[in-house]
Amino acid sequence: MINRTQLIYFLLINLMLITILSGCGKGTESTADLNLLRVWAHAGQESERTVLQQQFARFNQAHPDTRVELTLIPEGSYNAQIQAAAVAGELPDLIELDGPFLSSYAWQGHLQPLDDLLDDKLVADLLPSIIAQGSYADRLWAVGVFDSGLGLYADRSKLNQAKLRIPTLQQPWTLTEFETALEQLAKADPDGQVLDLKLNYAGEWYTYGLSPLLQSAGGDLIDRNRLRSADGVLNGQQSLAILTSLQDWISENRIDPNIDDTAFSSRRVALALGGHWNYQQYSSSLGEELLLLPLPDFGSGSKTGMGSWCWAITARTEKPELAAEFLAFLLTTEEVLAMANANGAVPATRSAIDASQLYRPGGALHLFFEQLDKGHGIPRPRTPAYPVITAEFQEIIDRIRSGGEVASALNNAVEKIDREIAENRGYPQSGDQP
Amino acid sequence: MSRPGQLNDQTMPALLLVMPALIGLLLFILIPFSTALVLAFTDLRLGSPLAVSFVGFDQFLHLFNDPDFMRALLNNLLFAAVVVPLQTILALALALLLNRGLPGTVAFRTLFFMPVVFPMSLVAVIWSLIYAPGPNGMMNAFLHWASLGHWEARDFLRDPLLAMPAIMLLSIWQGVGFQMVILLAGLQGIPQTLYEAAALDGADRWRQLLHITLPQLRNPLIFVMLVTTILAFRLFDQVQIMTRGGPENATTTVIYETVQAAFARQQVALASAMTVIFFLLVLAVTWLQRRFTHQHREVA
Amino acid sequence: MKHRTGSMLLSYLLLIIITTLFIAPLMMMLLGSFKADHRVLLESGSVAALLPHDLSLQNYSDVFRRSDFMRFFFNSLFITSCIVICGLLVNSLAAYAFARLQWRGRDLLFNLVLALMILPFEAIAVPLFYGASMFGLRDTYSVQILPFIANAFSIYLFYSFFIGMPKELEEAARIDGASTLRIFFSIITPNAKPVFATVAILTFLTWWGSYLWPTMVTIGPAVRPLPLAIASFYTLPPLQWGDILAFGVMMVSPVLLVFVIFQRWFVAGVASSAIKG
């Protein structure tokens, strides 16, 4: 005989089992609604999210017969979640991707090319860097509505005090000038630390922010012609030289570790490597004293980083035209500006640049646009091996920071990258893409 | 009276009881592990459109020649060899302290147990702040104060020599409460009469500890060491969040290498091979541990 | 007498010192969650880390604003509770069979179960993921619950406890003709409350903070659990430490509360398993 308590437990457990097994609470809709466009994007800063949601609302209002639906996914786990969904074959119609990882998804066959889906005029209005980032194997797979800007922020008063020349994009500092500048600035600095490289960020920042130094010195992450090997390039003379210099600057105590993230905004350092996202904080801290300079020319010209989030249409979608239409909407000048104003990034179209207060000629951040327009921006290597390349480069920087031997760190990385590419047989293109 | 036959062979009811758990273990642990075992002999990569092929023992050979993996094995062994005894001794010391019946024992017990309740990811975040480099970091400031100014601020998590000890410290901090609670209860179960008899015989506190306390605590100690050893080999969250295996492989572990291989480098087959080696290693270690301590199965 | 008081005092002092060192990190987390982001780092080195001043609830309101906290909290609670409750049933039954019944293959299977205790989840995550994808179970509650119900460690804990229980009650019931299941539910279970409490709490602790699996199998916010939501705070650097700590405090508080309330059972349970084991 079962008593009442046992009966209750029994029913409770059964209820739970039924709930669980019925898969109730399925998170994503599986409607084949012909006019529903499912879109995934990363949950970035609040201003970005708000604008994005407003954009979706605007499009839906303007097109009552269709519906675009946004799912926001946490930024910290975004790539992992997208990759998992991709492998499981469950991608939506339109997804946002972090630029450098585009090649991987394109090669794996999850995306479809945009060449025939986007209007030629639209594509012509895009900045060359946007096209560069979104291309892989001679086709265009993704477009961003904004790009990133990387530069050297400087404290004008400190530079003047040290009697340093203010560099321009046409005449950036040379390596000698740069190192002299560090020394001159250090003389007036109580702790001798005068440059902030945002080493506290770690992660992808290392590759984004520091590989331009490599490229400026004539080195690079990988041989760009064939994208088959990093040997002789990542561990070549020029790369070795500039990274050794980096290690020297660290050991000579010229670099502020920036643990509290306020090295530049609290005016502890004179120079800071930084991006467009730092502008707001820096301009409110330094006001008129804030300068935006190009990165130095370490031998092969002043180079800068580029690349950010971009939109791609998935291979399996049944509504590529609708997706393309929505994409075109996001690229209209008003919408591009709405987003750029929210996150301070470089607008992706020339029309938007001209209309932007910050980026038009004479604007405070016009340098970012110029750099990208004139080809100073080097995209991170467009190969599916990128995740390994960036992981290895970050490892190199970690080793440099802890005083390890630079040459062996480079050789180690090269070996791993080359092996990765070899094991993937050089990422052969598989037949025709849709 | 039931028939003798029924008492001795309870296979039917036993199978009924055991079936749900066994099915679960089979479906969700054994089969995936077997899959990993098979995958370890292939060259499968996550999401790759390339065809998969069998490569025999290549992945294993690759691992034994891989300095990162070998260092990870070493680190795991080192970590277990240091943390298990240290944490156990600390837990025992705390349990002995708390067993003296000082006021507020329950409060202390709760406090020491609190870190156990924290997810390791949160513990890692907190200790990242503690280990912040520069004189402002809590640990640096504390050591500076404790050494009367002789300590120079270090970047613990980036120092090849200090990174592993730093991780060990926070792991011990997180785990000692669990062991302490067990040992304390064990202590409280030791009859006072044993101590009184020994005192009468002239045994001092130290001898009492060695000859009464420790033997009486045998079972809890063995339990605690077995569990801690297994958990020590599974070291992962702290490393991923705080040091990412660095600096220079000083803190990488087998599970960290496995996750890196599988998710950052998409080398599923290589990660599977690591899993197999890991399993065999820990199996061997725990088997050795059990042999040397043969747990007493006291049936009350 | 004096000697004893002296040594008691010394012990107490030692205890206080150790405790202070021990809870410093906890205090830092708690206080940091009420501070502005940049202050968290700035003050971590001084005593200011441990002293409250200039506190605000800003971080907490940020967390609610930015991450739909309640929904994810509910998801985590539901998922973890299901794992715990189903697990209690399934694992205790199995452990009882191993501990008290004689049957063919018992020892072999038990050793297998013990061996499986070694495997951490990360080791089997990828094959399990392929399986879940194949059966179309992604992004549901089920896929976050079912794989974790049967648990070798729980079985071991139950086993260690059951082994040490006195046999007389069961023998008497068996003589009276009671079935195995009945014995389990009416005799074993009521007398094994400590170990049930222990397994419940430990299982809860294990899965409350689970991050890797949800990352692999969920996408939208509908069934997303709490630990994944914290990834929303890991955006472009600089990290907002204040928000992250506030999130942490909120994530840990319920568990802490449950522990503080039930700790007596729990302590007794953990202890008896170990002692009898």
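Only heavy atoms go into these numbers, but all of them, side chains included; no hydrogens, no water, no symmetry mates. Residue numbers begin at 1 in each chain, while the letters A, B, ... track the order of the sequences. Keep in mind that this is a model prediction, so the values were computed, not measured.
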What one should report as the nearest heavy-atom pair of C:T215 and A:A80 is CG2-CB, 3.6 Å
Taken in chain and number order and not counting sequence neighbours, the residues that satisfy ring pair (Phe, Tyr, Trp, His ring centres under 6.0 Å) with A:F264 are A:Y282
Legend entry - Heavy-atom neighbours of A:Q280 CD exceed 12 at 6.0 Å: no
Closest non-hydrogen contact found for A:S77 with C:Y211 is CB-OH, 3.3 Å
Query raised in the report: Would you say A:L72 and C:P221 make side-chain contact, with heavy atoms under 4.5 Å?
Result: no
Bottom line for C:I230: the part with an atom under 4.5 Å from chain A's heavy atoms is neither
The reported gap from CD1 in A:I73 to CD1 in C:I219 (rounded to nearest 0.5 angstrom) is 4.0 Å
The interface call for C:T218 against chain A, heavy-atom contacts under 4.5 Å, is both
Taking atom CZ of A:R316 as the centre, does the number of heavy atoms from other residues, nucleotides or ligands within less than 6.0 Å exceed 12?
-> no
Okay, A:Q81 and chain C: the region with an atom under 4.5 Å from a heavy atom over there is both
Student check: side-chain heavy atoms of A:P74 and C:R224 closer than 4.5 Å:
yes
